[in-house]
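Single-structure report; data block below.
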Amino acid sequence: MISNLAMKSPSQYVGLFGYSKGLTIRNVILDSSCSITSSLNDCIGIGGIVGECSGYDGPCTIENSVNMGRVFFTGNESYYLYLGGIAAKLSSSYGCSSTVKNCANY
């Protein structure tokens, strides 16, 4: 379990794992003391566990994970804004998919 994580980043993809591709992320728990924040005024993804989970280099999976923390956008505007408790954006390409299994967001 991860506690007291306070992440403030002006990056394009923000989360415990900002951008992941072709990975499996398992058994991650962010408790209610955690917060993920971005202020970038551009195309962004802000998620508790992952900003973007991309299937570009193989399947990307998030499983058995929980987010009880808060996800914030504090910028003025954004061209595209993806927010999510577990993952902000799931993408697939070249026949590989991104999946979320047995996860919860509170």
Side-chain angles (χ1 to χ4, degrees):
M1 181 176 298
I2 298 171
S3 299
N4 300 312
L5 173 69
M7 182 179 292
K8 293 182 180 181
S9 174
S11 298
Q12 185 174 9
Y13 297 108
V14 181
L16 180 63
F17 301 95
Y19 180 86
S20 67
K21 60 182 182 175
L23 298 177
T24 298
I25 298 167
R26 289 188 185 100
N27 306 318
V28 174
I29 300 173
L30 297 177
D31 75 11
S32 62
S33 67
C34 298
S35 67
I36 309 291
T37 306
S38 181
S39 60
L40 181 68
N41 294 328
D42 198 357
C43 303
I44 62 170
I46 309 166
I49 310 283
V50 178
E52 180 175 356
C53 189
S54 172
Y56 183 75
D57 284 341
C60 184
T61 303
I62 305 167
E63 58 186 36
N64 304 324
S65 296
V66 176
N67 177 44
M68 293 180 266
R70 292 170 282 175
V71 178
F72 295 104
F73 172 67
T74 58
N76 296 322
E77 60 184 67
S78 182
Y79 185 68
Y80 286 108
L81 176 60
Y82 301 94
L83 292 171
I86 301 297
K89 184 177 179 187
L90 301 174
S91 61
S92 301
S93 57
Y94 303 110
C96 295
S97 62
S98 297
T99 55
V100 174
K101 300 180 197 177
N102 302 320
C103 291
N105 180 66
Y106 298 98

Indicate the atoms forming the closest heavy-atom contact of G84 with V71, along with that distance. O-CG2, 3.7 Å
Here the salt bridge (Lys or Arg N to Asp or Glu O under 4.0 Å) pairs for residues 16-25, sequence neighbours left out, are K21-D57
Let me check something: do M7 and I29 share a hydrophobic cluster, defined by ILVMFWY side-chain heavy atoms less than 4.5 Å apart, either directly or through other members? no
Can you check side-chain contact (heavy atoms from CB on, under 4.5 Å) on I46 and L81, steps first, answer last? CA-CA 8 Å; I46 309 166; L81 176 60; 4.2 Å; yes
Run the side-chain donor-acceptor check on residues 99-106: report pairs under 3.5 Å with partners two or more places apart or on a different chain.
| unit_1 | atom_1 | unit_2 | atom_2 | d |
| --- | --- | --- | --- | --- |
| T99 | OG1 | T61 | OG1 | 3.3 |
| N105 | OD1 | N67 | ND2 | 3.0 |

Distance check, rounded to the nearest 0.5 Å: K8 atom NZ versus I36 atom CD1? 11.5 Å
Side-chain touch C60/S54, heavy atoms, less than 4.5 angstrom: no
Do V14 and L23 sit in the same hydrophobic cluster, where Ile, Leu, Val, Met, Phe, Trp and Tyr count as joined when their side-chain heavy atoms come under 4.5 Å apart? no
Under the salt bridge (Lys or Arg N to Asp or Glu O under 4.0 Å) rule, what pairs show up with a residue in residues 22-37, not counting sequence neighbours? R26-E63
M68 reachable from F72 in the ILVMFWY side-chain graph, under 4.5 Å edges: no
Whether the side chain of S98 engages the backbone of C53 through a donor-acceptor N/O pair (distance < 3.5 Å, no angle test) should be reported. yes
Measuring from S32:OG to R70:CZ, what's the distance to the nearest 0.5 Å? 8.0 Å
Tested for side-chain contact (heavy atoms from CB on, under 4.5 Å) against I86, the lone hit among L30, I49, V66 is I49
Taking S38 for the side chain and S9 for the main chain, is one N or O donor matched with an acceptor at less than 3.5 Å? yes
